[in-house]
Amino acid sequence: MADDQLTYRDAGVDIGGAERSLRAVMPSIQATYNDRVIAGVGGFGGLFQGEFPDLERPVLVSSIDGVGTKTKVAAMVGDFSGLGKDIVNHCVNDILCQGARPLFFMDYFASSRIDPAVFTQVLGGAAEACMAVGAVLLGGETAEMPGVYLDEEIDLVGSIVGVVDMERRLPRGKILPGDAVIGIASVGLHTNGFSLARTALFEHGGLSVRDLVPGMETTIGEELLRPHKSYFNAVYPILQEIEGVRGAAHITGGGLYGNLPRAMHANVQAVLDRRSWTPLPIFRLIQEAGNVSDVEMFTTFNMGIGMALVVSKDVADEVVGRLNESGEAAAKIGYIQKGAHDVQIV
């Protein structure tokens with residue numbers, strides 16, 4: 001009779017396997033801990049010291065997002081190593097747009113069956129990205145859900161909490177006609193637009209992840225899987241040291257049209273000169289393969305601009321210089337004028 005008893009593992013969920021996978025990445029996770037961590041992974045909740053004596057009026061800033069269908073491209077290529085960096089850096093950039101520095105990050109990793117190798121790649125990358133910006137990987141959730149997720153695919157979501165002094169939060173000051181818009185280069189699609197990209201490239205274009213991008217020595221799969229870039233280490237010091245930075249926009253879903261207005265006040269309009277930067281070859285390939293319009297491309301993808309800053313014209317050259325000195329590729333790509341609360345790309 002005992003041989004006929006049903007177990008959770010028989011139903012497709014291996015709790016022991018998930019625990020073993022977590023133990024394998026614990027050294028990487030614990031390497032992100034600092035003296036503010038009271039209790040991390042293992043309890044029913046992470047505990048983090050909440051005193052900020054260096055700030056006059058500390059404000060907590062939180063955000064949550066997912067990697068989306070970039071996970072499907074990772075499955076097609078068989079390389080999940082960049083996804084952990086993707087989700088951490090996406091969340092870090094989001095709260096940077098409020099002027100916040102990250103405190104701690106938490107992840108949600110789910111699949112039909114936990115593959116220890118995939119889990120280790122993803123969580124190891126997340127821990128590495130957290131360490132790069134001084135954030136703690138404080139905890140997370142690992143879920144096996146057969147019947148909900150397809151085999152060989154995963155879902156990845158992350159949440160972050162940061163802090164900013166009330167007087168230093170963004171946007172700040174009044175955005176005025178004549179202010180400059182500075183663009184900071186992306187390294188690819190980052191974590192947005194993959195449903196359109198996959199349809200254009202693989203269904204309409206008949207291409208595969210193994211095909212080379214025209215004019216490059218890298219494959220489509222390699223270009224699509226470039227990890228989302230973090231702008232924190234380049235931008236945050238500028239926010240602290242240079243007055244005249246009015247706002248920041250993380251260029252994610254919605255592109256420049258949808259995200260730049262979030263960094264602007266009403267009654268002003270951003271005018272961008274598309275000749276001031278060159279979109280990466282992967283974007284041109286997507287557009288040609290899928291016969292996608294310019295407006296659709298600029299609404300869906302970052303088109304080579306991963307973050308935009310709105311700054312006083314008096315400090316624009318200084319900000320661009322500082323960004324380029326830090327290793328970013330930055331340039332003035334437009335200006336602010338009176339008008340509707342939107343973006344014009346000319």
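The number of heavy atoms from other shown groups lying within 6.0 Å of CD (Glu241) is above 12. Within a 6.0 Å radius of CG in Asn267, no more than 12 heavy atoms belonging to other residues, nucleotides or ligands are found. Within 6.0 Å of atom CD in Gln240, more than 12 heavy atoms from other residues, nucleotides or ligands are found, so the atom counts as buried in its surroundings.
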From CA spacing to verdict: side-chain contact (heavy atoms from CB on, under 4.5 Å), Leu272, Leu260: CA-CA 11 Å; Leu272 307 183; Leu260 188 50; 4.1 Å; yes
Verify side-chain contact (heavy atoms from CB on, under 4.5 Å) between Ile336 and Val181, making sure each step is shown before the conclusion. CA-CA 7 Å; Ile336 300 295; Val181 179; 3.9 Å; yes
Apply side-chain contact (heavy atoms from CB on, under 4.5 Å) to Val163 and Val59, showing your working. CA-CA 6 Å; Val163 67; Val59 176; 5.9 Å; no
CA sep, side-chain torsions, deciding dist, call: Arg172, Glu167, salt bridge (charged side-chain N to carboxylate O under 4.0 Å, His left out): CA-CA 8 Å; Arg172 61 182 179 230; Glu167 301 306 316; over 6 Å; no
Could you walk me through whether Glu56 and Met166 pass side-chain contact (heavy atoms from CB on, under 4.5 Å), step by step? CA-CA 8 Å; Glu56 292 184 12; Met166 176 71 80; over 6 Å; no
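In this structure, Phe105 and Ser159 have side chains that are not in contact, with every pair of non-hydrogen atoms separated by 4.5 Å or more. Between Ile95 and Ile160, the closest side-chain pair of non-hydrogen atoms falls below 4.5 Å. Within the 4.5 Å cutoff, the side chain of Met307 has no heavy atoms near those of the Ile182 side chain. Put simply, the side chain of Cys91 does not reach to within 4.5 Å of the side chain of Asp94, judged on heavy atoms. Put simply, the side chain of Arg322 reaches to within 4.5 Å of the side chain of Pro237, judged on heavy atoms. Counting heavy atoms from C-beta on, the side chains of Pro58 and Asp165 never come closer than 4.5 Å. Between Ile64 and Val157 the shortest side-chain heavy-atom distance falls below 4.5 Å. Side-chain contact between His90 and Thr252: present, with at least one pair of heavy atoms (C-beta onward) separated by less than 4.5 Å.
The ring pair (Phe, Tyr, Trp, His ring centres under 6.0 Å) search around His190 returns His228, not counting sequence neighbours. Residues passing the ring pair (Phe, Tyr, Trp, His ring centres under 6.0 Å) test with Tyr231, sequence neighbours excluded: none.
Under the 4.5 Å side-chain heavy-atom criterion for Ile, Leu, Val, Met, Phe, Trp and Tyr, Val92 and Leu60 are members of the same hydrophobic cluster. Cluster annotation: Leu189 is connected to Met76 through the hydrophobic network of ILVMFWY side chains, with a link wherever side-chain heavy atoms come within less than 4.5 Å. Hydrophobic clustering, with ILVMFWY side chains joined whenever heavy atoms are under 4.5 angstrom apart, keeps Ile305 apart from Val235. Leu285 and Val77 fall within the same hydrophobic cluster, defined by Ile, Leu, Val, Met, Phe, Trp and Tyr side-chain heavy atoms under 4.5 Å apart, directly or through other members. Hydrophobic clustering places Leu96 together with Leu55 (ILVMFWY residues linked when any side-chain heavy atoms are closer than 4.5 Å, directly or through intermediates).
When all heavy atoms are compared, the tightest approach of Ile238 to Ala234 is CD1-O, 3.5 Å. Here the closest non-hydrogen pair linking Leu207 and Ala289 is CD1-CB, 4.5 Å. Nearest heavy-atom pair across Ala197 and Ile286 is CB-CD1, 3.8 Å. Among all heavy-atom pairs drawn from Leu170 and Cys97, the shortest one is CB-O, 3.3 Å. Annotation for Ile87 and Gly158: closest pair CG1-N, 3.4 Å, computed over non-hydrogen atoms. Taking every heavy atom of both residues into account, Tyr236 and Gly99 meet most closely at CE1-O, 3.5 Å.
Judged by distance alone, the side chain of His265 and the main-chain N or O of Pro171 form no donor-acceptor pair under 3.5 Å. Remark: the backbone N or O of Ser111 is not paired with any side-chain donor or acceptor of Asp155 at under 3.5 angstrom. Between the side chain of Ser326 and the backbone N or O of Leu323 there is at least one donor-acceptor pair closer than 3.5 Å. Looking only at distances, a side-chain donor or acceptor of Asp211 sits under 3.5 Å from a matching main-chain atom of Ser208. A donor-acceptor distance shorter than 3.5 angstrom exists from the side chain of Glu144 to the backbone of Ile114, with no hydrogens or angles considered. Remark: the backbone N or O of Met303 is paired with a side-chain donor or acceptor of Trp277 at under 3.5 angstrom.
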Under 3.5 Å, which donor-acceptor pairs link side chains of residues 119-140 to any protein atom two or more places apart or in another chain?
from: Thr120; atom 1: OG1; to: Pro116; atom 2: O; distance (Å): 2.8
from: Gln121; atom 1: OE1; to: Phe80; atom 2: N; distance (Å): 3.0
from: Gln121; atom 1: OE1; to: Ser81; atom 2: N; distance (Å): 2.9
from: Glu128; atom 1: OE2; to: Lys85; atom 2: NZ; distance (Å): 3.4

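For the atom pair CG of Asn302 and CG of Leu256, the computed distance is 8.0 Å after rounding to the nearest 0.5 Å. In this structure, CG on Leu201 lies 12.0 Å from CD on Gln287, to the nearest 0.5 angstrom. Atom CG in Asp151 sits 7.5 Å away from atom CZ in Arg113 (nearest 0.5 Å). Going from atom CD1 of Ile345 over to atom OG of Ser276 covers 10.0 Å, rounded to the nearest 0.5 Å. Here the CG-CD1 distance, from Asp115 to Ile154, works out to 9.5 Å after rounding to the nearest 0.5 Å. Thr300 contributes atom OG1, which lies 7.5 Å from atom CE of Met297 (distance to the nearest 0.5 angstrom).
Asp342 and Tyr257 form no side-chain donor-acceptor contact under 3.5 Å, judged by distance and modelled atom types alone.
Each of Arg246, Lys338, Lys174, Lys332 was checked for a salt bridge (charged side-chain N to carboxylate O under 4.0 Å, His left out) with Asp179, and the lone residue meeting it is Arg246.
Applying the ring pair (Phe, Tyr, Trp, His ring centres under 6.0 Å) test to every pair with at least one member in residues 298-346, sequence neighbours left out, gives these pairs: Phe283-Phe301. Counting only residues at least two apart or on different chains, the salt bridge (Lys or Arg N to Asp or Glu O under 4.0 Å) pairs with a member in residues 61-76 are Lys70-Asp86, Lys72-Glu153. Within the structure, every pair that satisfies the salt bridge (Lys or Arg N to Asp or Glu O under 4.0 Å) test and touches residues 288-316, not counting sequence neighbours, is listed here: Arg274-Asp294.
Between Arg168 and Glu243, at least one side-chain nitrogen of the basic residue sits less than 4.0 Å from a carboxylate oxygen of the acidic one, meeting the salt-bridge criterion. Using a cutoff of 4.0 Å between basic side-chain nitrogens and carboxylate oxygens, Glu51 and Arg36 are not scored as salt-bridged.
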